[in-house]
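Here is how names work: the chains are called A, B, and so on, in the same order as the sequence lines, proteins then strands, and each is numbered from 1. What you see below is based on every heavy atom in this structure, not just the backbone, and it leaves out hydrogens, waters and symmetry mates. Note that the structure is predicted; figures quoted are calculated from it, not measured.
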Amino acid sequence: MEKIESNLVASVIKAVGSLYNKSIEPNFVQIQKTRKDFKGDITIVVFPLLKFSGKGPEQTANDLGNYLVQHFELVEGFNVIKGFLNIEISKQYWFSFLEDIYLTKGLEGGQLFHTSSPKKIMVEYSSPNTNKPLHLGHIRNNLLGYAVANILKATGNEVLKVNLINDRGIHICKSMLAWQKFGNGATPESTGIKGDHLVGDYYVRFDQEYKAQTKELMSQGMTEEEAKKQAPILLEAQEMLRKWEAGEEEVLSVWRMMNQWVYNGFDETYKRLGVDFDRLYYESQTYLLGKQIVLDALTKGLLYKKEDGSVWADLTEKGLDHKVLLRSDGTSVYMTQDIGTAHQRFEQYHIDSHIYVVGNEQNYHFQALAIVLGKMGFDWADKIFHLSYGMVELPEGKMKSREGTVVDADDLMDEMISTARQMSEELGKLEGLSAEDINKTLNIIGLGALKYFILKVDPKKNMVFDPKESIDFNGNTGPFIQYTYARIKSILRKAADAQIVFDLKQASAVNMGDKEKELVKLLYDFPMVVQEAAKEFSPAIIANYCYDLAKEYNQFYHDCPILKEADIAVKSLRFALSQQVSQAIGYGMKLLGIDVPERM
RNA sequence: GGUCUGGUAGCUCAGUUGGAUAGAGCAACAGCCUUCUAAGCUGUGGGUCACAGGUUCGAUUCCUGUCCAGAUCACCA
């Protein structure tokens, strides 16, 4: 079926040509959805056309409206308010659209969502440190990365999800050291504590000891600055890192063991969260990459070396500062590794684009990275994209691990599910379900509430999470949308049980009321919404669409009987429509990584 | 101090390339379950779109300045 918008633009151009004998560019035809308080489906803003018509807004709009109604089947009627020409698209068109998706393709199938230029895209997300468990900030990262990858796939791209795990460095040495000193051989098995939490506990333990030692040194007359550098436990941790880099087996074996604990813990969290990866990278294997590339660029004169031997990039012409790429002792920094891994990925996988899902605190880093890569002459330098997302804040400000205000990912998921249980029991929703089904459903609802809460917010904005008020289940929430889905499914089940077969062919455009039309219009928007979300890397666009659709459907559900409708034609139409809405909701939520329950 | 984000109802958030009377939810209040699941639906109240200029037929949207908040500017990652 031809799209309404392009059809209408062409029609208006023809109309202007015929009415006023002027030829105009498409960008003068401004089209938008008609606002709900007015009659009509699509609105043409006529102000830009006045200079061609030479008439006032009202007159011009009426001229156009009359012409369109007479010459184009698609246009059924119109009204003019001020300079706005509100067009009514024929009900036949909307009905045909519903027929089209219901009888042939279905929204999910076909090429409805695909872009004209598919790409091979790598999405890096999660990228945790291995010294502590995941928290709410990581949840936002994981959900965003996973959803964006889904959306890009749905629009026809080939997507590779990767996770670069930061498994080395001073932070993990701190946990290792504290475990050796204070752990008495504790393991996840011996303590029953999840591996990543156990390792995190020793990271906290290290910090306690470090603070105590610093305080002690200060009481002996050291300045705070000195004391922070001289605390014995810190020196030990630094020594441990040196041993790790020297490859001493004694250190490596502890490192491998504790990291494995963490990986087991992460795997569990990822699984519950419903995210996954096509490939894992470990910094211990990539942190030396990039050095040769930097040295090559140095010999080409693209970088410069200071007297102390450190290598720098001058980014001042781009408005940034100078950036170190190799330390004076010749070792790599963070940026060096990113240069190396980016190079490796573009060369090895021949990707067209690389998306890094990383918090906005690293905006500067990625800006600098792109400039450095460009300076080094890589033609893919402008193909890297930093999907920068805002911080999750508490009502009183940032989460601080030192103050114990970090919201732990596992705890939060537990809480969401227990809230779901409490709500469901109060409402008596779970009667007649098996224990297994109950758990499955509560899992879907609890996680749905959490995921939707996070994904409905524009990624680039900071967002506030109040741990005291648990995440809502009413209103603009995941469960609201899930509930709409479950109610439709219930209707579909009932029809199937009664062996009622609905045939949309029995219905026609005349059976379509205003509510039905509004829903079809929303369904019509769905592919564009998905494409927009892909373009903007914003799952929030899909989340808000799902809400709008569910909201609209609930009104329809309230006002219009479906199975109880007497007129078989109307009944069939409503049934088909409900079925399509459930598909769109289910698919939209799936793109967000949110499951929907068959009943709740 | 430089750079980058952001500032919309008491709170959490929408608001498509500039368009009509700026929208939801939560919270508050008032209604709707003998009828397909009331985690729903309907209604009421709530706004100087931070502030001031500019661009134009028209600005929450674009530009400039001011104020406020956050991030960042390491031989950390």
J.: Using atom P of each nucleotide, how far apart are B/rU61 and B/rG54 to the nearest Å?
T.: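 Here B/rU61 and B/rG54 have their P atoms 14 Å from each other.
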J.: Look at the side chain of A/T34 and the backbone N and O of A/D41, then say whether any donor-acceptor pair between them is shorter than 3.5 Å.
T.: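 Such a contact is found between A/T34 side chain and A/D41 backbone.
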J.: With a non-hydrogen cut-off below 4.0 angstrom, is A/Y483 in contact with a base, only sugar-phosphate, or nothing?
T.: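 Base contact - A/Y483 has a heavy atom under 4.0 Å of at least one base atom.
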J.: What is the nucleic acid contact for A/E536, judged by heavy atoms within less than 4.0 Å: base, sugar-phosphate only, or nothing?
T.: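 Touches nothing.
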J.: Among B/rG70, B/rA39, B/rC13, which nucleotide sits nearest the side chain of A/F473?
T.: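 Taking heavy atoms from C-beta onward, the closest nucleotide is B/rA39.
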J.: If you measure from the P atom in B/rC73 to the same atom in B/rA39, how many Å do you get, rounded?
T.: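 It works out to 49 Å between them.
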J.: Do A/T484 and B/rA39 share a donor-acceptor pair, side chain to base, under 3.5 Å?
T.: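 Checked by distance alone, the answer is no.
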J.: Output the rounded distance in Å from CG (A/D559) to P (B/rC36).
T.: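 Taking atom P of B/rC36 as the reference, CG of A/D559 is at 15 Å.
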J.: Less than 3.5 Å apart, any donor N or O on the side chain of A/E552 or A/Y547 sitting next to an acceptor on the other?
T.: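 Short answer, no.
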J.: With rounding to the closest Å, how many angstrom separate the P atoms on B/rG15 and B/rG47?
T.: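 It works out to 22 Å between them.
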J.: Which whole number of Å gives the distance between the P atom of B/rU16 and that of B/rU55?
T.: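 Nearest-Å result for B/rU16 against B/rU55 at atom P: 24 Å.
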J.: Say you pick atom C1' in B/rC76 and the same atom in B/rC11; how far apart are they, in whole Å?
T.: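 One C1' to the other, the span is 37 Å.
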J.: Without swapping roles, check the side chain of A/S578 against the backbone of A/R574 for a donor-acceptor pair under 3.5 Å.
T.: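 Side chain of A/S578 to backbone of A/R574: a pair is present.
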J.: Pick the C1' atom in B/rG18 and in B/rA59, then give their distance to the nearest Å.
T.: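 Result for the C1' pair: 6 Å, nearest Å.
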J.: In whole angstroms, how far is the P atom of B/rG6 from the NZ atom of A/K460?
T.: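 Taking atom P of B/rG6 as the reference, NZ of A/K460 is at 6 Å.
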J.: Compare side-chain N and O positions of A/S490 against OP1 and OP2 of B/rU37 and report whether any pair is under 4.0 Å apart.
T.: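 For B/rU37, OP1/OP2 do have a side-chain N/O of A/S490 under 4.0 Å.
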J.: Which stems does RNA chain B form, counting runs of 3 or more consecutive Watson-Crick or G-U wobble pairs with both distances under 3.5 Å?
T.: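 Looking at RNA chain B, the stems formed by three or more consecutive pairs are B:1-7 with B:67-73, B:10-13 with B:23-26, B:28-32 with B:40-44, B:50-54 with B:62-66.
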J.: Does a donor on one side chain and an acceptor on the other come within less than 3.5 Å for A/T60 and A/S53?
T.: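 A donor-acceptor contact under 3.5 Å links the two side chains.
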J.: Any side-chain N or O of A/R327 below 4.0 angstrom from OP1/OP2 of B/rA77?
T.: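 Checking B/rA77 against A/R327, a side-chain N or O does come within under 4.0 Å of OP1 or OP2.
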J.: Over all strands shown, is A/A495 touching base, sugar-phosphate only, or nothing at heavy-atom distances under 4.0 angstrom?
T.: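 Here A/A495 touches no strand at all.
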J.: Could you state the atom-to-atom distance from CD of A/E425 to C1' of B/rA39 in whole Å?
T.: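 Computing the A/E425:CD to B/rA39:C1' distance gives 15 Å.
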J.: Has the side chain of A/E565 got a donor or acceptor atom that lies under 3.5 Å from a matching backbone atom of A/C560?
T.: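 The answer is no, because no donor-acceptor pair under 3.5 Å joins these two groups.
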J.: Looking only at side chains, do A/T130 and A/D167 share a donor and an acceptor under 3.5 Å apart?
T.: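 Note: A/T130 and A/D167 side chains miss the donor-acceptor criterion.
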J.: Would you say a side-chain N or O of A/Q555 is under 4.0 Å from OP1 or OP2 of B/rU42?
T.: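 Looking at the OP1 and OP2 atoms of B/rU42, one of them is under 4.0 Å from a side-chain N or O of A/Q555.
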J.: Tell me what A/Y557 touches on the nucleic acid: a base, only sugar-phosphate, or nothing, going by heavy atoms under 4.0 Å.
T.: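 Touches a base.
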J.: Once side chain to side chain contact (heavy atoms under 4.5 Å, CB included) is applied, do any residues pair with A/T477, and if so which ones, sequence neighbours excluded?
T.: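 Expected list: A/D472, A/P479, A/F480.
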J.: Which pairs with one or both residues in residues 445-458 of chain A pass side chain to side chain donor-acceptor pair (under 3.5 Å), sequence neighbours excluded?
T.: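 Qualifying pairs: A/Y452-A/N476, A/D458-A/K460.
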J.: Within the distance-only criterion (no hydrogens, no angle test), does the side chain of A/N129 pair as donor or acceptor with the backbone N or O of A/N131 below 3.5 angstrom?
T.: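 Flag not set: sc A/N129 to bb A/N131 has no pair under 3.5 Å.
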J.: From NZ of A/K494 over to P of B/rU35, roughly how many Å is that when rounded to an integer?
T.: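 Rounded to whole Å, this separation is 11 Å.
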J.: Which part of the nucleic acid does A/M600 contact within heavy-atom distance under 4.0 Å: base, sugar-phosphate only, or nothing?
T.: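 A/M600: base contact, heavy atoms under 4.0 Å.
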J.: Let me spell it out: for each of A/F465 and A/W312, pick the nucleotide of RNA chain B with the closest heavy atom. Which residue's pick is nearer the 5' end?
T.: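 The 5'-side residue here is A/F465.
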J.: Rounded to whole angstrom, note down the P distance from B/rC49 over to B/rG7.
T.: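 Straight-line distance between the two P atoms is 14 Å.
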J.: Atom NE2 of A/H386 to atom C1' of B/rC4: distance rounded to whole Å?
T.: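 So the NE2-C1' distance, A/H386 to B/rC4, works out to 12 Å.
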J.: Provide, to the nearest angstrom, the distance between the CG atom belonging to A/L326 and the P atom belonging to B/rC76.
T.: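 After rounding, the reported distance stands at 12 Å.
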J.: Rounding to an integer number of angstrom, what distance separates B/rC26 and B/rG46 when you compare their C1' atoms?
T.: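 Per the computed distance, 13 Å lies between those C1' atoms.
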J.: On RNA chain B, nearest-nucleotide positions of A/K429 versus A/N363: which is more 5'?
T.: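 On the 5' side of the pair lies A/N363.
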J.: For a quick test of your reading: what N or O donor-acceptor pairs under 3.5 Å do the side chains of residues 385-394 of chain A make, sequence neighbours left out?
T.:
from: A/H386; atom 1: NE2; to: A/V358; atom 2: O; distance (Å): 2.8
from: A/S388; atom 1: OG; to: A/N363; atom 2: OD1; distance (Å): 2.8
from: A/Y389; atom 1: OH; to: A/N141; atom 2: ND2; distance (Å): 3.1
from: A/E393; atom 1: OE2; to: A/N462; atom 2: ND2; distance (Å): 3.3

J.: Quickly work out the A/Y545 OH to B/rC13 P distance and round it to whole Å.
T.: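 Rounded to whole Å, this separation is 25 Å.
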J.: Using the glycosidic torsion, which applies to B/rC32: syn (within 90° of 0) or anti (everything else)?
T.: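 Judged by the O4'-C1' to base torsion, B/rC32 sits in anti, the angle falling more than 90° away from 0.
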J.: Distance to the ring centre below 6.0 angstrom and angle to the axis at most 45 degrees; does that hold for A/R487 and A/Y557?
T.: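 Yes, A/R487 sits over the ring of A/Y557.
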J.: Nearest whole Å is fine: how far is B/rA77 C1' from A/Y334 OH?
T.: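 Interatomic distance, OH of A/Y334 to C1' of B/rA77: 6 Å.
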J.: Could you run through nucleotides 15-25 of chain B and give me one letter per nucleotide, 5' to 3': B if any protein heavy atom sits under 4.0 Å from the base, S if only the sugar-phosphate is that close, - if neither?
T.: --B-BBS-SSS
J.: Return the set of residues passing ring-ring contact (aromatic ring centres under 6.0 Å, His included) with A/F38 (not counting sequence neighbours), or none when no residue passes.
T.: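 So A/F38 forms no ring-ring contact (aromatic ring centres under 6.0 Å, His included) with any residue.
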